[in-house]
S.K.: 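My structure is below; once you've seen it, I'll send some questions.
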Amino acid sequence: EAGVAQSPRYKIIEKRQSVAFWCNPISGHATLYWYQQILGQGPKLLIQFQNNGVVDDSQLPKDRFSAERLKGVDSTLKIQPAKLEDSAVYLCASSLTGDRPHEQFFGPGTRLTVL
Amino acid sequence: GDSVTQMEGPVTLSEEACLTINCTYTATGYPSLFWYVQYPGEGLQLLLKATKADDKGSNKGFEATYRKETTSFHLEKGSVQVSDSAVYFCALRRGTGNQFYFGTGTSLTVIP
C-alpha cells in the first residue's frame with residue numbers, strides 16, 4: 001500500500017514570495033491533516049479535512065495560509081506571502097474516519113526555508 | 001483546551017539502559033493516547049497506542065499504560081538499543097472530532 005505522498009521535499013524562498021505544497025493521502029482515507037512542525041517542536045495542526053470539507057482550521061493563519069481539497073483526495077497548502085517565521089517542516093497526514101481511534105499516517109514532509 | 005506535556009530532552013543513555021519518557025495530558029472526555037517516533041531523516045510513524053483507561057500499548061519492546069487517575073501515558077523500555085535513537089512524540093486524539101494534539105518531542109540518543 002502506497003503511503004502519504006508529499007511534494008516538494010524541500011523549498012527555499014525569499015520572504016514575501018508565495019509557495020504551495022501538495023499532498024496525496026493514502027487511498028480511501030477520508031481525513032487529511034496539515035501540520036506545521038517548527039524545529040524543536042511538536043507538530044501543530046493547521047487544518048483538518050474530512051473529504052472535501054474543513055473540520056478544524058482554528059490554528060491556520062488565514063491572512064496568509066490557505067488550503068483546499070477540492071475533490072476530497074489530493075490537497076494543497078499555500079502560503080502567500082511567506083514570512084521568516086514560516087520556516088518549518090509541513091507535514092501531511094491521513095487517516096480513516098469513524099468512531100474508532102484510527103492512527104494517522106504521515107508523509108515525509110516538505111522542509112520550507114524562508115530567507 | 002486539550003494538550004500534551006512531555007518531558008524535555010535531550011536524553012542520552014548507554015545501550016541496555018532503562019528508558020522512561022514522561023507524558024501527561026489534559027483533555028475533556030475520553031481521549032485516545034499515542035506515541036509516535038521520528039527516526040533521523042524519516043517521517044513520523046506510530047509506535048504504540050491505547051484507547052481507554054488501563055490499556056497498555058506495546059511495540060518493539062516499548063510499553064505505555066493509559067493512567068486516567070494520573071492523566072499520564074509514560075513511555076518505557078527495559079533495555080534500549082542504538083537503533084532506538086530518535087525523537088519520540090506523545091499525542092492524544094480527542095474523543096470526538098478526530099483532532100490530534102502532539103507534545104513537543106523528546107530526543108533520545110543511545111550510545112554503544
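Letters A, B, ... mirror the listed sequences (proteins, then strands); counts begin at 1.
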S.K.: Please output the residues of residues 101-112 of chain B in contact with chain A, using a heavy-atom cutoff of under 4.5 Å, in numerical order.
M.R.: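 Counting heavy atoms that sit under 4.5 Å from chain A, the residues of residues 101-112 of chain B involved are B:Phe102, B:Gly103, B:Thr104.
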
S.K.: Just to verify, what does B:Phe62 make a ring pair (Phe, Tyr, Trp, His ring centres under 6.0 Å) with, not counting sequence neighbours?
M.R.: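 Expected list: B:Tyr88.
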
S.K.: With a 4.5 angstrom heavy-atom cut-off, could you sort out which part of B:Gln38 is near chain A: side chain, backbone, both or neither?
M.R.: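 When you check distances to chain A, only side chain atoms of B:Gln38 fall under 4.5 Å.
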
S.K.: Going hydrophobic residue to hydrophobic residue with side-chain gaps under 4.5 angstrom, can you get from A:Tyr33 over to A:Leu60?
M.R.: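 As far as the 4.5 Å side-chain criterion goes, A:Leu60 and A:Tyr33 are not connected within one cluster.
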
S.K.: Between B:Met7 and B:Val4, is there a shared hydrophobic cluster once you connect ILVMFWY residues whose side-chain heavy atoms come closer than 4.5 Å?
M.R.: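 Per the 4.5 Å side-chain linkage, B:Met7 and B:Val4 are co-clustered.
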
S.K.: When clusters are formed by joining ILVMFWY residues with side-chain heavy atoms under 4.5 Å apart, either directly or through shared neighbours, do B:Tyr36 and B:Leu75 land in the same one?
M.R.: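 Shared cluster, no.
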
S.K.: Could you tell me which portion of A:Gln37 (side chain, backbone, both or neither) has an atom closer than 4.5 angstrom to a non-hydrogen atom of chain B?
M.R.: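 Contact with chain B is through the side chain of A:Gln37 alone.
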
S.K.: Applying salt bridge (Lys or Arg N to Asp or Glu O under 4.0 Å), name anything that partners B:Asp55, two or more places apart in sequence or on another chain.
M.R.: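 Partners of B:Asp55 under the salt bridge (Lys or Arg N to Asp or Glu O under 4.0 Å) test: B:Lys52.
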
S.K.: Is it the case that one hydrophobic cluster holds both B:Phe89 and B:Phe100, taking links as side-chain heavy atoms less than 4.5 Å apart, direct or via other members?
M.R.: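 Cluster IDs for B:Phe89 and B:Phe100 match.
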
S.K.: Could you tabulate the donor-acceptor pairs under 3.5 Å formed by side-chain atoms of residues 83-91 of chain A, not counting sequence neighbours?
M.R.:
| residue | atom | partner | partner atom | Å |
| --- | --- | --- | --- | --- |
| A:Asp86 | OD1 | A:Arg64 | NH2 | 2.9 |
| A:Asp86 | OD2 | A:Arg64 | NH1 | 2.5 |
| A:Asp86 | OD2 | A:Arg64 | NH2 | 3.4 |
| A:Asp86 | OD2 | A:Lys83 | N | 2.7 |
| A:Ser87 | OG | A:Leu84 | O | 3.1 |
| A:Ser87 | OG | A:Val114 | N | 2.9 |
| A:Tyr90 | OH | A:Gln36 | NE2 | 3.0 |
| A:Tyr90 | OH | A:Asp86 | O | 2.6 |

S.K.: Assess whether side chain to side chain contact (heavy atoms under 4.5 Å, CB included) is satisfied between B:Glu42 and A:Phe106, documenting all intermediate values.
M.R.: CA-CA 10 Å; B:Glu42 299 184 15; A:Phe106 284 84; over 6 Å; no

